[in-house]
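Below: one structure, written as structure tokens.
These numbers were taken from a predicted model, which means no experiment stands behind them. Naming convention: chains lettered A, B, ... in sequence-line order (proteins, then strands); numbering from 1 in each chain.
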Amino acid sequence: MQMLREILEPLLDEVLKSIGVTNAHWRSMLVRSREHDQGDLSLPCFPFAKELGKSPIEIAQQIAESLEAHFAIGEVNAVAGYLNIKANPTWLAQQVMDDAIRIGDAFGKKPANNTHILIEHTSANPNGPFHVGRARNAILGDTLVRLHRLFGNNVRAEYYVDDMGKQVGVLAWALKHLSKEEVEQTLVGREPINEKWQGKADHERVRWYQAAQAIRQERSDKEDIEAEIGRMVHASEHGDEEVLQAFQDAYQPVLDGMLETLKRLGIDFNTFTKESMFVTNGDVSKLMEKFKTFEIHGTADNGAEFLDLGARGLKGKTEFFFRRGDGSSLYATRDIAYHIWKWNQCDQLINVLGEDHKLQAKQVGMTLTELGEKIPDVLFYSFIKLPEGKMSTRKGNVVYMDDLLEEAQAQAAAVVGEIHPDYSPEMVSEIAEAAGTSAVRFNIIKVSPDKGFTFRWEEALAFEGGSAPFIMYSHARACSIARKCAAAGIDLGAAVDSSSELPSSMPKGMVELLRTMCVHQDVLSKAVNDRRPHLFANQLLQLATSFNAFYRDCMILQDGELNVFNFQLSELARNLMRTSMQGLGIVPVEQM
RNA sequence: GGAGGUAUGGUGUAGUGGAUAGCAUCAGGGAUUUCGAAUCCCUGGACCCCGGUUCGAAUCCGGGUACCUCCGCCA
């Protein structure tokens, strides 16, 4: 309730001064009331007791009595040492009608400022289909991108392509040396490829990768294989064009398959940057030369080089190796070069990383500081695991995102088909796709990123209560009202533009909706600036719930007569829901 | 062993110093001839343990316990 606070603070300041409160610290004590029924903002008066020599109850009472009247302020009351202030519902209505809360309009328009923000997320190794273990990164990252855009920021979504690791090397080796028959023979006894994904390169090629992994363990010539893969990886790290090309030919179709899956979830990227670029363009070797001049530089017996970050306060193992004994670079070294490159193109840098990258991120950060560069903001998240334990492609304990989305779509289709036998199969399918993918996203966004997350089918596919379809349904209902009004021959454009009387008395549901709409922007701001998308997810849930209450209490179309104010409010709420849903990647379908 | 994270009704969670701890699910009961029943209302049930700081602690500090992650010249 930032707008109420701005009005209230000067008024309170005056009163508090007049009764003898000297420090201005109280501003931080003015908080959102915990109980909605009590007020919008509350001021606990306990800390004033000592200074004033009066009981908090008396003080609260005194403030309540001397607070100057203002249109924005509805009820003021003193309860048990708390001063509770409730906004005047009519004032709230006026704020809402005056567009003070229409944050949705920022969406799709020119960014409000010129700060360039680069968000790097997902960056999964392209060696197999996208699985739900990786989903938290992609969904969190994409939601952050969307929320920044909703807020009016200028954002670029970036994918860092890991095109030179051992995993890619293994894949490239397998594709070169193994026939389809050999692959399937090696994998006999394992779960076969889902027929549905025949021909999708990420699902096809992961078979080669898996077969290679088995062969590397078992086959008699495994030393030779290992040596060959080693040579390829080594060559790639020295910028060997031919090998890098072979690697790209191996992984690109897989990456394309993964991106197709992400696309289905509404996840897109603006730019892709290949790791190998920093080797081939010389950045990495320049960087390593620079490290040599650092006073914390050290060299191991075999010639490998490191920076001793213990001297900069790092605990535990303090040597941060950036060069192998053979002179080649390491992943982290390239990552630093990548960060310097990124900083040249943005003002703010955000990385979305799993909690297993915490140490690495710290080392990179410290090294960047050593180089005089800024440190990126990082959104860390805890892993998604399965009820059976950690997700692992190797052990076959894995849920592919393609399968999850397929199942989500099917289950949503069953629900829609049951409720609406009148819809055509195409329509059912379209709605189900929207509901299914949105449900999967929302299920992951709504919880705090640092909380461990266990994937459960029944939760991912829940379509009621605190789910995306619940929100979608409220929105669809608001759309339905507008359709009904149009069908009744009402000129909607004129109704929206016409000026309406603010109602003198308001039902509970309407007040609730107004209050929720008035804190919407506050929550978005916090979610964006603190990088905690789940705050906004919960706010949107609240908005949908409030809209349901409004819908229950306030008729818009009654006996063919339009209540203009109610209609306008409904339309504003609908617009707010729609843009907010887009901010979270929930598809705002108009009927379902 | 060291470093980081997490701990809230049966289950999943919100809550970064203020009141009667919010939501969903679950269990039980109820509403609805109405602008859409993927809705709404009622009842039930929780802050890991022990200390400390504070007028006031789920929240901050210290110490336990449990779970997760990391501690490669891998990526």
Side-chain angles (χ1 to χ4, degrees), chain A residues 28-29 31 33-38 42-50 56 79-82 84 125 127 162 164-169 233 275 300 302-306 314-317 319 321-326 328 330-332 334-335 354-360 362 380 382-383 385 390 412 415-416 418-420 435 443 446-448 450-454 456 458-459 462-474 476-485 488 509 530 534-535 537-538 541-542 545 548-549 551-558 562-563 566-567 570 591-592:
Chain A
S28 63
M29 283 155 41
V31 294
S33 309
R34 185 188 289 197
E35 288 297 319
H36 239 233
D37 291 341
Q38 284 161 335
S42 294
L43 184 71
C45 298
F46 306 95
F48 307 137
K50 202 175 265 178
V79 181
Y82 290 86
N84 295 319
N125 286 342
N127 60 358
D162 184 358
M164 50 187 306
K166 192 154 208 168
Q167 303 195 0
V168 188
V233 172
E275 191 182 336
N302 66 347
E305 295 171 64
F306 60 87
L314 188 70
K315 291 178 198 162
K317 182 186 179 270
E319 290 119 341
F321 279 89
F322 64 87
R323 177 152 33 200
R324 290 194 185 88
D326 67 8
S328 60
L330 285 131
Y331 174 82
R334 285 167 241 143
D335 200 26
E355 61 181 345
D356 56 336
H357 281 70
K358 275 186 181 174
L359 175 62
Q360 168 94 45
K362 183 149 200 174
F380 287 110
S382 188
F383 289 127
K385 58 175 193 286
K390 202 174 157 181
V415 176
V416 179
E418 194 176 325
I419 298 171
H420 286 290
N443 182 242
K446 71 174 179 186
V447 310
S448 178
D450 51 13
K451 208 80 106 176
F453 188 100
T454 303
R456 292 187 177 87
E458 60 276 23
E459 278 169 20
F463 293 154
E464 39 183 28
S467 70
F470 171 86
I471 295 164
M472 295 168 77
Y473 190 77
S474 294
R477 206 184 227 178
C479 294
S480 169
I481 294 172
R483 279 196 302 271
K484 280 269 156 56
C485 293
D530 296 355
H534 73 283
L535 296 180
N538 285 302
L541 224 33
Q542 181 61 51
T545 303
N548 290 343
Y551 174 85
R552 181 191 65 225
D553 292 349
C554 306
M555 294 299 285
I556 290 160
L557 190 62
Q558 201 160 21
L562 186 76
N563 180 320
N566 287 358
F567 176 68
S570 174
Q591 53 182 315
M592 56 190 296

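- One interatomic measurement links the two molecules: CZ of A:F48 to P of B:G56, which rounds to 17 Å at whole-angstrom precision.
- One donor-acceptor pair, N or O on each side, does fall under 3.5 Å between the base of B:G36 and the side chain of A:S480.
- The pairing partner recorded for B:U43 is B:A27, the criterion being a Watson-Crick or G-U wobble arrangement whose two distances lie under 3.5 angstrom.
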Next item on the list: Using a 4.0 Å cut-off on protein heavy atoms (strictly under), produce a 5'-to-3' string for nucleotides 70-75 of chain B with B for base contact, S for backbone-only sugar-phosphate contact, and - for none.
Entry: SSSBSB

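- In this model, the phosphate group of B:C40 is approached by a side-chain N or O of A:N548 to a distance below 4.0 Å at OP1 or OP2.
- Here A:V416 lies in heavy-atom contact (under 4.0 Å) with a base.
- The listed nucleotides are B:G36, B:C55, B:G5; the one nearest the side chain of A:F46 is B:C55.
- Taken to the nearest 0.5 Å, the SG atom of A:C554 stands 9.5 Å off from the CZ atom of A:R552.
- Base pairing analysis places B:G22 opposite B:U13; the two distances defining the Watson-Crick or G-U wobble pair are each below 3.5 Å.
- Across the P atoms, B:C49 and B:G10 are found 13 Å apart, a figure rounded to whole Å.
- The distance between atom NZ of A:K385 and atom P of B:G5, rounded to the nearest whole Å, is 18 Å.
- Across the C1' atoms, B:A7 and B:U13 are found 12 Å apart, a figure rounded to whole Å.
- Regarding A:L535, its CG atom lies at a distance of 11 Å from the C1' atom of B:U16, rounded to whole Å.
- Distance, A:F380 CZ to B:A3 P: 18 Å, rounded to whole Å.
- Proximity note for A:Y551 (side chain, C-beta onward) versus B:G18, B:C35, B:U16: the nearest is B:C35.
- Here B:C60 sits opposite B:G52 as a Watson-Crick or G-U wobble pair (both hydrogen-bonding atom distances under 3.5 Å).
- Residue A:R552 contributes atom CZ, which lies 6 Å from atom C1' of B:C40 at whole-angstrom precision.
- A donor-acceptor contact shorter than 3.5 Å links the side chain of A:T545 to the backbone of A:L541.
- Taking atom C1' on both B:C74 and B:G17, the two are 45 Å apart, rounded to the nearest angstrom.
- B:G12 and B:G45 have their C1' atoms separated by 15 Å, with the value rounded to a whole Å.
- With RNA chain B read from its 5' end, the first of the two nearest nucleotides for A:H534 and A:I481 is the one closest to A:H534.
- Residue contacts shown for A:M592 include a base, since a base heavy atom lies under 4.0 Å away.
- No donor-acceptor distance shorter than 3.5 angstrom exists from the side chain of A:K484 to the backbone of A:L557, with no hydrogens or angles considered.
- Pair assignment for B:C73 gives none, since no Watson-Crick or G-U wobble pairing has each distance under 3.5 Å.
- Stacking of A:K390 on the aromatic ring of A:F383 is not recorded, the 6.0 Å distance cut-off and the 45° axial limit not both being met.
- Here, B:C23 and B:C42 have their P atoms 10 Å apart, quoted to the whole Å.
- Rounded to an integer number of Å, the gap from A:K451 NZ to B:U69 P is 17 Å.
- A:D450 and A:S382 share no donor-acceptor pair across their side chains, judged by distance under 3.5 Å alone.
- As judged by a 4.0 angstrom heavy-atom cut-off over every strand, A:C554 is placed among the base-contacting residues.
- Here A:M592 contributes atom CE and A:S480 contributes atom OG; the two are 12.5 Å apart, rounded to the nearest 0.5 Å.
- For A:H420 against B:G36, a side-chain N or O and a base N or O form a donor-acceptor pair under 3.5 Å.
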Note to self: Assess the residue pair A:N548 and A:R477 against the criterion (side chain to side chain contact (heavy atoms under 4.5 Å, CB included)); give the C-alpha distance rounded to whole Å, side-chain angles, the decisive distance to 0.1 Å, and a yes or no.
What the structure shows: CA-CA 9 Å; A:N548 290 343; A:R477 206 184 227 178; 3.2 Å; yes

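- Nucleotide B:U33 is matched to nothing when pairs are restricted to Watson-Crick or G-U wobble geometry with both distances under 3.5 angstrom.
- Residue A:P47 is in base contact, counting any heavy-atom pair closer than 4.0 Å across all strands shown.
- Between B:C48 and B:U54, the distance separating the two C1' atoms is 23 Å to the nearest Å.
- Searching all strands for a Watson-Crick or G-U wobble partner of B:C67 with both distances below 3.5 Å returns B:G5.
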Report each atom pair, protein N/O against N/O of nucleotides 19-24 of chain B, whose distance is under 3.5 angstrom.
| from | atom 1 | to | atom 2 | distance (Å) |
| --- | --- | --- | --- | --- |
| B:A19 | OP1 | A:R34 | NH2 | 2.8 |
| B:A19 | OP2 | A:R34 | NE | 2.4 |
| B:A19 | OP2 | A:R34 | NH1 | 3.2 |
| B:A19 | OP2 | A:R34 | NH2 | 2.5 |
| B:A19 | O4' | A:Y82 | OH | 3.2 |
| B:A19 | N6 | A:S42 | OG | 2.7 |
| B:A19 | N6 | A:N84 | OD1 | 2.4 |
| B:A19 | N1 | A:N84 | OD1 | 3.1 |
| B:A19 | N1 | A:N84 | ND2 | 3.0 |
| B:A21 | O4' | A:R34 | NH1 | 3.2 |

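- No side-chain donor-acceptor contact under 3.5 Å links A:K451 to the backbone of A:F453.
- When every heavy atom of A:D553 is checked against every heavy atom of A:G509, the shortest pair comes out as OD2-N, 2.8 Å.
- B:U16 and B:U6 are spaced 15 Å apart, taking the C1' atom of each and rounding to whole Å.
- Closest heavy-atom contact between A:F46 and A:A80: CZ-O, 3.7 Å.
- Residues A:K315 and A:F453 each lie close to RNA chain B; by heavy-atom proximity, the contact nearer the 5' end of the strand is made by A:K315.
- Contact detail for A:F567 and A:A482: the closest heavy-atom pair is CE1-CA, 4.2 Å.
- In this entry the distance linking CG of A:D530 with C1' of B:U16 reads 10 Å, nearest Å.
- Closest approach of A:M164 and A:V233 over heavy atoms only: O-CG1, 4.3 Å.
- Comparing B:C40, B:A14, B:G5 by their nearest atom to the side chain of A:D450 picks out B:G5.
- Separating the C1' atom of B:G9 from that of B:C68 is a span of 23 Å, rounded to the nearest Å.
- Across the protein-nucleic acid pair, A:E458 atom CD and B:C26 atom P stand 11 Å apart, rounded to whole Å.
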